[in-house]
Amino acid sequence: MLHDTSSTTARPATGRTDTGNQQGWRDRSLPAAERARLLTAELTLEEKAAQLGSVWVTDAADDFAPKLEDGPGTAADALEGGLGQLTRVFGTEPVTVAEGVRRLRELQERVVASSRLGIPAIAHEECLTGLAAYGATAFPTPLAWAATFDEELVREMAEAIGSDMRALGIHQGLAPVVDVVKDYRWGRVEETLGEDPYVVSQLGAAYVAGLESTGIISTLKHFAGYAASRGARNHGPVSMGAREFADTVLPPFEAALRQGGARSVMTSYTDIDGVPSSSNRHLLTTLLRDRWGFEGTVVADYWAVPFLSAMHHVAVDTADAGRLALRAGVDVELPQTAAYGELPRLIREGIVDERDLDRSVQRHLRHKFEVGLFDDAPPVPPGAESVDLDSSRNRKISSRIAEESVVLLRDEDALALLRSGSIAVIGPAADQFRSLVGCYAFPNHVLSKHPGHDLGIRIPTVLAAIREEFGADRVRFEAGGEITSADPDAVSAAVALARDSDVAVVVVGDIAGLFGDGTSGEGCDAADLRLPGGQDALVTAVLETGVPTVLVVLSGRPYALGTYGKARAVVQAFFPGADGAAAVAGVLSGRVQATGRLPVQIPRYPYASTTYLQPALGLPNPGITALDNTPLYPFGFGLTRGAITYETITAAETLSTEGSLDAAVTIRNDGDDTVEVVQLYAAFPSAPVVRPAVQLIGYARIPIGSGESRTVSFRIDSARLAITGEYGALGVDPGPLRLIAGPSAAEAAVTAEVAIVGERRLLTERALRTPWSISSPTS
């Protein structure tokens with residue numbers, strides 16, 4: 001870790017500090033951390049504070065981030081005296097690659113010229129579903145990645161995204177989101193990797209590793225608890241016990257740091273039990289740095305520092321908010337300097353300790369050395385103007401993720417009916433590109449503010465893909481209304497078309513957007529889990545015709561589908577990206593085999609927004625409550641063409657609290673060649689504290705041919721079973737353990753009873769991964 005020992009004495013506001021290092025920070029043979037320390041010692045107070053600030057050259061900040069009342073605007077003179085970061089040069093307006101590169105070069109030239117020592121800025125962009133820039137591939141959303149259970153593919157996608165960003169002169173990416181879903185009504189479910197901490201951990205770490213492998217600084221969102229707000233309201237306070245917070249919210253961040261190598265963390269807008277994340281010293285320093293050993297930077301979510309005064313009311317003004325944030329451990333203020341510009345004054349007045357400033361400056365400058373901003377190469381690479389952001393490589397990866405992410409929930413021979421006869425395509429999501437890409441994809445995120453502007457990339461709709469897949473002459477279309485509103489006349493027209501067709505394909509779901517400009521996305525929280533607008537009435541009316549109906553849901557969250565039992569087939573796709581329509585149409589035709597699995601449950605009822613990670617008293621119990629939260633489809637569920645039988649699970653009868661064991665799961669396939677996601681769960685019949693009824697501890701996505709058997713061996717370290725105990729200590733307790741393997745959280749196909757023996761084992765860190773290996777197939 002970095003521990004600066006410089007004096008607390010305030011340094012002069014101008015001029016060079018006499019450190020005698022003779023600009024040793026230019027010595028490339030020195031480690032980046034040492035060079036950062038030496039350079040920090042060369043800076044004045046104002047210059048140091050400038051290294052923790054940022055500039056967003058836009059007049060439309062309120063379109064992309066929560067509004068800051070009486071904010072500082074976009075004054076160009078903020079570039080004077082040096083700068084920490086440039087905010088979203090490519091991701092704010094629909095500029096071409098050449099125009100964005102020109103702007104970035106000009107801004108970097110101004111930053112370097114305005115800095116006494118010629119220090120360039122780090123350029124950051126959003127990159128959750130690909131680089132959020134005009135003309136860049138819009139990849140599937142993280143919820144779709146999670147449905148693949150495919151870590152290698154997620155890593156490959158992140159490498160592609162990172163290589164494009166690096167080629168443009170971008171250094172830091174604000175992704176991935178490793179929040180764990182707690183309530184499906186929350187608008188940003190689409191941005192997450194689902195509701196299981198282990199899936200979020202492993203796929204999040206894979207994304208981080210891919211992005212970091214290209215030299216891009218990966219920034220974890222949102223530290224921490226953001227997805228656990230009261231009432232699923234954006235920015236809502238978080239009320240959660242310390243044990244649950246430690247055991248479900250924090251592990252994905254720890255995994256992304258330790259396994260993935262993330263070098264930055266972004267604070268959350270929320271407060272945790274009354275303490276805002278951006279002023280939470282225990283979270284940002286004691287836990288993150290002292291306990292986990294994190295050496296990177298903590299950046300504030302946009303305007304989160306002044307929000308300490310404007311929204312949380314824990315600071316008297318913006319300057320005081322900067323004091324609290326810096327002391328807590330926030331190193332960089334984004335998206336624009338509002339509070340940190342006051343730090344020199346507060347230091348001179350003895351209100352802020354200069355050592356806190358120096359520590360953060362060193363951390364940020366270290367990143368600048370690591371990304372090569374002080375090398376001879378210019379900040380923006382030569383040839384950046386010719387980078388293809390929508391390359392065939394990108395589209396192939398996007399298509400593979402889309403195909404692996406589609407989840408087939410039901411098929412009572414309805415898909416076979418599509419091979420002949422007339423097809424009625426019905427539903428407002430069928431001919432809507434915004435129902436395919438997420439709220440942080442550029443076409444939704446930015447272009448929705450520029451009506452009439454071309455998309456910059458191809459995003460075929462599901463209607464177009466079905467016409468391509470089945471032949472346009474067989475397909476007729478009625479929207480049946482809008483996604484956000486009901487239209488009885490449009491429903492009547494759709495019903496008439498269904499009655500005049502052999503099969504109906506009803507395509508419903510969401511429009512992704514920001515702050516109410518959509519039904520899913522940041523600030524688009526839902527009152528309940530009914531399909532938005534008049535879509536419930538549309539689906540019900542078509543099903544009542546008795547025409548064989550395939551229901552396709554394109555959404556950013558799971559919706560309650562329990563009243564649609566007459567649907568002969570149900571297909572779920574979580575914003576599958578620019579190539580998602582072809583993947584959906586391929587599943588409908590049989591060209592693509594559905595292999596996706598649910599990373600969230602599909603509720604039966606609109607009020608049932610709880611996830612699968614429930615203790616016994618959180619499960620359905622008619623003797624206690626009249627509310628039934630039994631899911632329609634459980635976590636991990638998904639149909640394939642295979643006919644998989646879980647034959648056995650074998651494991652040792654005892655597991656030492658200090659040891660590990662192997663659990664071998666054998667499956668057989670009596671159907672077509674397929675891919676199975678073998679899931680391993682743990683249950684604790686008795687434990688010192690309340691635990692979930694079942695919890696995923698390992699999974700393996702494996703190919704298995706027709707007539708084959710395969711055995712997956714999971715290596716379970718006892719530390720993987722650890723939990724935070726009654727007094728806050730992480731440990732492994734002796735007691736009974738039940739290992740469960742099956743195709744979903746609800747199906748205990750095979751079980752093994754194990755006794756955990758020995759004394760309670762206290763841990764200083766978690767075992768974050770369950771390694772697995774697979775045998776050669778046998779007939």
Flag for [Y]-[X]: side-chain donor and acceptor within less than 3.5 Å:
X      : Y      : value
Ser609 : Asp183 : yes
Arg668 : Tyr646 : no
Glu747 : Tyr681 : no
Tyr605 : Asn629 : no
Thr129 : Glu191 : no
Arg769 : Gln259 : no
Thr270 : Ser268 : yes
Arg557 : Thr519 : no
Gln202 : Tyr699 : no
Gln593 : Thr674 : yes

Partner residues of Asp273 under the side-chain contact (heavy atoms from CB on, under 4.5 Å) criterion, sequence neighbours left out: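 With sequence neighbours excluded, Asp273 shows a side-chain contact (heavy atoms from CB on, under 4.5 Å) to no residue whatsoever.
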
Does this structure show an ion pair linking Lys566 with Glu544, if we count only N-O contacts that are shorter than 4.0 Å?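 Judged by the 4.0 Å cut-off on N to carboxylate O distance, Lys566 and Glu544 do form a salt bridge.
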
Between Asp247 and Arg766, does any NZ, NE, NH1 or NH2 come within less than 4.0 Å of an OD or OE carboxylate oxygen? yes

Is there a side-chain contact between [X] and [Y] in this structure, where contact means two heavy atoms from C-beta onward sitting under 4.5 Å apart?
X      : Y      : result
Leu739 : Ile716 : yes
Pro599 : Glu195 : no
Val180 : Phe253 : no

Any donor-acceptor pair under 3.5 Å linking the side chain of [X] with the backbone of [Y]?
X      : Y      : value
Gln535 : Pro532 : yes
Asp525 : Asn234 : yes
Ser435 : Asp510 : yes
Tyr440 : Glu522 : no
Thr545 : Val542 : yes
Asp411 : Ala414 : yes
Ser744 : Gly636 : no

Among Leu696, Leu613, Leu250, which one satisfies side-chain contact (heavy atoms from CB on, under 4.5 Å) with Pro197?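 Exactly one candidate clears the test, Leu613.
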
Give me the one residue out of Val750, Ile667, Thr666 that meets side-chain contact (heavy atoms from CB on, under 4.5 Å) with Glu647. Thr666

Evaluate whether atom [atom1] of [X] has more than 12 neighbouring non-hydrogen atoms of other residues, nucleotides or ligands under 6.0 angstrom away.
X      : atom1 : result
Gln614 : CD    : yes
Arg243 : CZ    : yes
Arg641 : CZ    : yes
Leu617 : CG    : no

With Tyr612, which residues qualify under side-chain hydrogen bond (donor to acceptor under 3.5 Å, both in side chains), at least two apart?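 side-chain hydrogen bond (donor to acceptor under 3.5 Å, both in side chains) list for Tyr612, sorted by chain: Asp196.
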
How would you list, by chain and number, every residue that makes a side-chain hydrogen bond (donor to acceptor under 3.5 Å, both in side chains) with Asp301, sequence neighbours excluded? Tyr269

Do [X] and [Y] form a cation-pi contact, if we require the NZ or CZ to be under 6.0 Å from the six-membered ring centre and within 45 degrees of the ring's axis?
X      : Y      : value
Lys221 : Tyr207 : no
Arg720 : Tyr198 : yes
Arg597 : Phe149 : no

For side chain to side chain donor-acceptor pair (under 3.5 Å), just list the numbers for Glu190 and Ser520, CA-CA rounded to whole Å, side-chain angles, deciding distance to a tenth of an Å, and then say yes or no. CA-CA 7 Å; Glu190 62 171 80; Ser520 173; 2.6 Å; yes

